[in-house]
Participant: 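Sharing a structure here in structure tokens format.
Naming convention: chains lettered A, B, ... in sequence-line order (proteins, then strands); numbering from 1 in each chain. Note that this is a predicted model, so its numbers are computed, not measured.
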2 protein chains.
Amino acid sequence: MEPIADKKKAIFESTLELVKEKGFHGTPMSLVAKRAGVAAGTIYHYFESKEELIQELYQYIKRQVIEVVQREDATDKPYRQCFFNLWYGLYHYYRHNANVLMFFEQFVTSPYNIYKDELGKDEFFRLLFGFFERGIAEGHLKQVSPKIMGTLAHSNVIATVKIQASGRLDLQEGDLEEIPRILWDGMRKQ
Amino acid sequence: MEPIADKKKAIFESTLELVKEKGFHGTPMSLVAKRAGVAAGTIYHYFESKEELIQELYQYIKRQVIEVVQREDATDKPYRQCFFNLWYGLYHYYRHNANVLMFFEQFVTSPYNIYKDELGKDEFFRLLFGFFERGIAEGHLKQVSPKIMGTLAHSNVIATVKIQASGRLDLQEGDLEEIPRILWDGMRKQ
DNA sequence: TGCAGCCGAATGAACATTCAATAGACAGAA
DNA sequence: TTCTGTCTATTGAATGTTCATTCGGCTGCA
């Protein structure tokens, strides 16, 4: 993983913030440039087009999320423990990187997302699904498609962060334990 | 509820399709007009601006979803039954109106959404939360904030439809029973 | 005759992208 | 050390395109 040139990173961060604030539309290259502290032309030194900037940014971000999953999956703790750690791992990552989350969400439901039909090939989801597959194989979870459980679990984390981030509703200490608990109780073998 | 002029409806439908296909950006008024079979100017006979078109469309759609909740909530069936009916009601509505779902999702995480901080005042969510409040009061559900459970339940339905709609993964007969089951098992009083 | 509904070419603004010009970094030659 | 040439990185004004919105005029109905 080569280190990313300073300006390139600044452009990424600027894009991330702006997309969160204003969406893909409403994020002109001129503003991206200004907020990154570079000239408009500089962006085109690093990226061929807006399209490519967005695509590369998506890959850049995804690598970070993948690391979270890998960190929590590959331990020898009891499965149940891993389950909660994974949930909290993703939760905290998204919580502290709210603009990543928003970018992700907007990206996935946008025409920029050209991977729509290759869910199985996406490394993030491969890892995630693998984790649930293991849970079923080891007899901890219900006999439900791991792809389904993985997707539901992920959407559960995201919904939680969104509740939190929007500030529409403040989660109490206890709630943060109850939510993954609900998920676990629903998915575990009864 | 006054009947909506034919052309107005055509404009709504056209916008819905295009936003699903191309996102808010990538949906120029000229295309909206063409697909609706009207002239560009006609849109401005009905709506003051693109902004207002999107906002009105959001309201128009929301009323339909609200009806689904009302239909399933206000029966005298046992609570557990209502729970599943509500899940399936929303599921089927979104399933048969995939472009509504995509529009919703994009709208919510976009700058068009000016209601971000008034979740409690949104009628759809008021109804939804009310349903879970009842479940707790009647002793069917865990003692967790109804707002949280409502939000999680809704995101669960949406995740399911998105799995289905994307065609990335085909849900079996049985899966469609397992998914709300997971939710119920997680939220019900143990 | 008047009017609402509708049309689509014309307008101007916003935007992505280009490019000619400048600055700096570095290597080799004198 | 200094000079020279050749890179790459950077700039921001200029360009051409796309788009939201406007408006003068047409149509058919009362």
Participant: How about B/Y91 and B/Q164: does a side-chain donor come under 3.5 Å of a side-chain acceptor?
Facilitator: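 On atom types as modelled, these side chains qualify, holding a pair under 3.5 Å.
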Participant: Between P on C/dC15 and NE2 on A/H25, what's the gap in Å once rounded to a whole number?
Facilitator: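 Atom-to-atom, A/H25 to C/dC15, this comes out as 11 Å.
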Participant: Would you say the side-chain atoms of B/S14 pair up with the backbone N or O of B/A10, donor to acceptor, closer than 3.5 Å?
Facilitator: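 No, B/S14 side chain to B/A10 backbone: no donor-acceptor pair under 3.5 Å.
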Participant: Between A/T42 and D/dT11, is there a side-chain N or O to OP1/OP2 distance below 4.0 Å?
Facilitator: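 So the side chain of A/T42 is within the cut-off, an N or O lying under 4.0 Å from OP1 or OP2 of D/dT11.
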Participant: Protein-nucleotides 20-23 of chain D N/O pairs closer than 3.5 Å?
Facilitator:
residue	atom	partner	partner atom	Å
D/dA20	OP1	B/K50	NZ	2.7
D/dA20	OP2	B/M29	N	2.5
D/dT21	OP2	B/Y44	OH	2.8
D/dT21	OP2	B/K50	N	2.8
D/dT21	O5'	B/Y44	OH	3.4

Participant: Let me check something: any side-chain donor-acceptor pairs from residues 179-188 of chain A under 3.5 Å, sequence neighbours excluded? List them with distances.
Facilitator:
residue	atom	partner	partner atom	Å
A/D185	OD1	A/R188	NH1	2.8
A/D185	OD2	B/K142	NZ	2.7

Participant: Over how many whole Å does the gap from A/Y46 atom OH to C/dT17 atom P extend?
Facilitator: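 Answer to the nearest Å: 18 Å.
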Participant: To the nearest Å, give me how far apart CD1 (A/I43) and P (D/dG12) are.
Facilitator: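 Checked: the CD1 to P distance equals 13 Å.
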Participant: With a cut-off of less than 4.0 Å, is there a side-chain N or O of A/H45 near OP1 or OP2 of D/dT10?
Facilitator: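 For D/dT10, neither OP1 nor OP2 has a side-chain N or O of A/H45 closer than 4.0 Å.
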Participant: Touch check for A/F47, heavy atoms < 4.0 angstrom, all strands: base, sugar-phosphate only, or nothing?
Facilitator: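 No contact.
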Participant: What's the separation between atom NE2 in A/H25 and atom NZ in B/K50, rounded to the nearest 0.5 Å?
Facilitator: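 It is 7.0 Å, given to the nearest 0.5 Å.
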Participant: For the residue pair B/Q55 / B/E51, report whether a side-chain donor-acceptor contact shorter than 3.5 Å exists.
Facilitator: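 Note: B/E51 and B/Q55 side chains meet the donor-acceptor criterion.
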Participant: List in chain and number order the residues that pass salt bridge (Lys or Arg N to Asp or Glu O under 4.0 Å) with B/E56, two or more places apart in sequence or in another chain; answer none if no residue qualifies.
Facilitator: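 In terms of salt bridge (Lys or Arg N to Asp or Glu O under 4.0 Å), with neighbours along the sequence ignored, B/E56 is linked to B/K8.
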Participant: Without decimals, in angstroms, what is the distance between A/K8 NZ and D/dT8 P?
Facilitator: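 About 16 Å, once rounded to whole Å.
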Participant: Grab the NZ-C1' distance between A/K34 and C/dA14 for me, whole Å please.
Facilitator: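 A/K34 atom NZ is separated from C/dA14 atom C1' by 14 Å.
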